[in-house]
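Only one structure is covered here, and it is reproduced in the block below.
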Amino acid sequence: MASDAPTSPVAETNAMATPSAIIDPVKAALICKAGIAKLFQQPTASMKAVPMAGGIIRVSYRRSSDNTFWKNDCRLEGAQIIWRAVDVTPGAGPGRWRDDPADGRVTYTMNGDEIVVEETF
């Protein structure tokens, strides 16, 4: 079971593309939470989003079905949400970014104040 201990911002060590535009961190956190909620069928109300170094947002939540703690990193590139799991095995650190052409493509659009997330393969 993953730790429920708070995490502190860390320097990003994996190479990544530069985001196409700077997005307000509060808005980026909302978009990332919506993306993770869509991917893992969890309510955004149960999620905490923390800005990290390099434009990364760490989204964490406790899954109500089994009380396990989950963390994912998210970054935005244009309308695309790129994510990776963190500490799937306690202490394992970040996994790979889901940016391979074989990965599902997660995108968002804004409809007023509503964030609409789509995943395509």
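Val116 and Ile31 fall into different hydrophobic clusters, where Ile, Leu, Val, Met, Phe, Trp and Tyr side chains are chained together by heavy-atom contacts under 4.5 Å.
Closest approach of Ile57 and Pro25 over heavy atoms only: CD1-O, 4.3 Å. Residues Val88 and Ala85 approach most closely at CG2-CB, 3.4 Å, considering heavy atoms. What you find for Cys74 and Ile81 is that their closest heavy atoms are SG-CG2, 3.6 Å. In this structure, Phe69 and Ser60 approach most closely via the heavy-atom pair CZ-CB, 3.5 Å. Lys33 and Ala49 make their closest contact through CD-CB, 3.7 Å (heavy atoms, listed as atom of the first residue, atom of the second, distance).
No side-chain heavy atom of Val59 sits less than 4.5 Å from a side-chain heavy atom of Lys48. In this structure, Asp99 and Arg75 have side chains that are in contact, with non-hydrogen atoms separated by less than 4.5 Å. Residues Asn72 and Met47 fail the side-chain proximity criterion, which asks for heavy atoms closer than 4.5 Å. Contact annotation: the side chain of Tyr108 approaches that of Leu76 to within less than 4.5 Å [non-hydrogen atoms, C-beta and beyond]. At a threshold of 4.5 Å between non-hydrogen side-chain atoms, the residues Val106 and Lys38 do not count as touching. Residues Val117 and Thr107 form no side-chain contact, since every pair of their non-hydrogen atoms from C-beta on lies 4.5 Å or further apart.
Scored by the salt bridge (Lys or Arg N to Asp or Glu O under 4.0 Å) test, Arg63 finds Asp66 as partners (sequence neighbours excluded). Qualifying side-chain hydrogen bond (donor to acceptor under 3.5 Å, both in side chains) partners for Glu119, counting only residues two or more places apart in sequence or in other chains: none.
Looking at Arg98, its side chain does come within 3.5 Å of a backbone N or O of Arg96 through a donor-acceptor pair. Distance alone, capped at 3.5 Å, places no donor-acceptor pair between the Asp73 side chain and the Trp83 backbone.
The line from CZ of Arg84 to CD1 of Ile56 is 5.0 Å long, rounded to the nearest 0.5 Å. The distance from atom CD of Glu77 to atom CD1 of Ile23, rounded to the nearest 0.5 Å, is 10.5 Å.
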